[in-house]
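What follows is a short report on a single structure.
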Amino acid sequence: MSKEPDRLFAQPLGQVPDFVFNEDVVRVFPDMIKRSVPGYPTIVENLGVLAAQFAQPDTALYDLGSSLGAVTQALRRHVRSEGCRVIAIDNSAAMVERCRQYLNAQDSMCQELLPVEVIEGDILALQFQPASVVAMNFTLQFIAPEQRLELLTRIRQSLLPGGALILSEKLRFVDDEEHALLTDLHVAFKRANGYSELEIAQKRSAIENVMKPDSLEEHRERLLAAGFSKVVPWFQCLNFASLIALP
Ligand SMILES: Nc1ncnc2c1ncn2[C@@H]1O[C@H](C[S@+](CC[C@H]([NH3+])C(=O)[O-])CC(=O)[O-])[C@@H](O)[C@H]1O
Ligand SMILES: O=C(O)C(=O)Cc1ccccc1
């Protein structure tokens, strides 16, 4: 894994451009996500543990918005069901290229890993195959809000009985005081991880037009509207949470 520290927003940028998953972000992404998302390493590793409980033989496991393949690697460390294959998809060419390199490195270090297909493409255009596990780790928040229900409905239709969607997201909160408190605490988390006030402010401007968090209530209602029968939060750290949605 690249050890390059995230300094993308350290210098004053004047007009801050919208955040894009380009080569510059790819270079620092492991550092950026670990220092920006409280609980990220715990979520990724345990996503593998959870997935192993839902994975069924001879089915697909999806990693939607795979970035550098951290979730795919966790699935390959934990899932032991026969005949499973992982399908990782991301629409950033830079992410996909580096993801393939990391997965090749994982292949050369461990034998008998689940086969993986890494697709450069849009999740919204994906033809889903019958799946036992669908992981969306911090990806739905980048999908246009008006497209989210249709996407979740298609995921629900691809899920086999006994399978699960595992959905991790940054949350907003309906209660203003709760929202302000957890947002302030997230800023404190970033500061404690070495980000300056300028870096925090410029990153906030960069993501505000491209990343639109929902509340837990919105997630629950939309998942039920998409046909899921049960929504169970299994992790929350500050304003970041992960849910299990059952078909
Ligand atoms: N329509 C789309 N189609 C495909 N990919 C998309 C789309 N929109 C955004 N992406 C991709 O979704 C990923 C979101 S990052 C996921 C982290 C990863 N899951 C991790 O556990 O390390 C989350 C974050 O950076 O906060 C990026 O790689 C985008 O290119
Ligand atoms: O940095 C933030 O404030 C976030 O909400 C998380 C994040 C992490 C990586 C890329 C974009 C957003």
Applying side chain to side chain contact (heavy atoms under 4.5 Å, CB included), run through T59 and C84 and close with a yes or a no. CA-CA 5 Å; T59 61; C84 286; 4.0 Å; yes

For the residue pair [X] and [Y], establish whether any side-chain heavy-atom pair is separated by less than 4.5 Å.
{"X": "L223", "Y": "L165", "answer": "yes"}
{"X": "P5", "Y": "V28", "answer": "no"}
{"X": "D214", "Y": "R222", "answer": "yes"}
{"X": "V86", "Y": "V71", "answer": "no"}
{"X": "Y40", "Y": "N137", "answer": "yes"}
{"X": "M32", "Y": "Y195", "answer": "yes"}
{"X": "I166", "Y": "W234", "answer": "yes"}
{"X": "K203", "Y": "S36", "answer": "yes"}

Would you please test V133 and L50 for side chain to side chain contact (heavy atoms under 4.5 Å, CB included) and show each step? CA-CA 9 Å; V133 173; L50 267 56; over 6 Å; no

Between [X] and [Y], which heavy-atom pair has the shortest distance, and what is it?
{"X": "A70", "Y": "V44", "result": "O-CG1, 3.6 Å"}
{"X": "L75", "Y": "A51", "result": "CD2-CB, 3.3 Å"}
{"X": "Q106", "Y": "Q73", "result": "NE2-O, 3.3 Å"}
{"X": "L47", "Y": "A135", "result": "CD2-CB, 3.7 Å"}
{"X": "S81", "Y": "P57", "result": "CB-N, 4.0 Å"}
{"X": "I123", "Y": "R154", "result": "O-NH2, 3.6 Å"}

State the [atom1]-[atom2] distance between [X] and [Y], to the nearest 0.5 angstrom.
{"X": "L152", "Y": "R156", "atom1": "CG", "atom2": "CZ", "result": "12.0 Å"}
{"X": "L61", "Y": "L114", "atom1": "CG", "atom2": "CG", "result": "6.5 Å"}
{"X": "S168", "Y": "I43", "atom1": "OG", "atom2": "CD1", "result": "5.0 Å"}
{"X": "L185", "Y": "C237", "atom1": "CG", "atom2": "SG", "result": "10.0 Å"}
{"X": "H186", "Y": "R204", "atom1": "NE2", "atom2": "CZ", "result": "11.0 Å"}
{"X": "L243", "Y": "E169", "atom1": "CG", "atom2": "CD", "result": "8.0 Å"}

For the backbone of [Y] and the side chain of [X], can you confirm whether one donor and one acceptor N or O come within less than 3.5 Å of each other?
{"X": "R35", "Y": "N193", "answer": "yes"}
{"X": "R85", "Y": "E117", "answer": "no"}
{"X": "S229", "Y": "P247", "answer": "yes"}
{"X": "R148", "Y": "H219", "answer": "no"}
{"X": "S66", "Y": "I89", "answer": "yes"}
{"X": "Y62", "Y": "Q129", "answer": "yes"}
{"X": "H179", "Y": "L171", "answer": "no"}
{"X": "D90", "Y": "S67", "answer": "yes"}
{"X": "E208", "Y": "V210", "answer": "no"}
{"X": "Q147", "Y": "L124", "answer": "no"}

Output side-chain donor-acceptor pairs under 3.5 Å for residues 8-22, partner residues at least two apart or in another chain, one line each.
{"residue": "D18", "atom": "OD1", "partner": "N209", "partner atom": "ND2", "Å": "3.2"}
{"residue": "N22", "atom": "OD1", "partner": "D24", "partner atom": "N", "Å": "3.2"}
{"residue": "N22", "atom": "OD1", "partner": "V25", "partner atom": "N", "Å": "3.1"}

When hydrophobic residues are tied together by side-chain contacts of less than 4.5 Å, even through go-betweens, does [X] share a cluster with [Y]?
{"X": "F228", "Y": "L160", "answer": "no"}
{"X": "V187", "Y": "I33", "answer": "yes"}
{"X": "L103", "Y": "V96", "answer": "yes"}
{"X": "M136", "Y": "I207", "answer": "no"}
{"X": "F235", "Y": "F54", "answer": "yes"}

So does [X] have more than 12 non-hydrogen atoms from other groups sitting under 6.0 Å from [atom1]?
{"X": "D176", "atom1": "CG", "value": "no"}
{"X": "E177", "atom1": "CD", "value": "no"}
{"X": "E146", "atom1": "CD", "value": "yes"}
{"X": "E97", "atom1": "CD", "value": "no"}
{"X": "E178", "atom1": "CD", "value": "yes"}

Which of these, L238, D184, N239, V37, sits in a side chain to side chain contact (heavy atoms under 4.5 Å, CB included) with F189? L238

Is the closest basic N to carboxylate O distance between D6 and K34 below 4.0 Å?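 Answer for the salt bridge query: no.
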
Any salt bridge linking E23 with R98? Criterion: basic side-chain nitrogen under 4.0 Å from a carboxylate oxygen. no

Please lay out, stage by stage, how K190 and E199 fare under the test side chain to side chain contact (heavy atoms under 4.5 Å, CB included). CA-CA 9 Å; K190 286 191 159 190; E199 287 177 292; over 6 Å; no

One pair to check against side chain to side chain contact (heavy atoms under 4.5 Å, CB included): L64 and I155. What are the steps and the verdict? CA-CA 10 Å; L64 304 180; I155 292 171; 3.7 Å; yes

Residues pairing under salt bridge (charged side-chain N to carboxylate O under 4.0 Å, His left out) where one sits in residues 37-63, two or more places apart or in two chains, turn out to be E45-R77

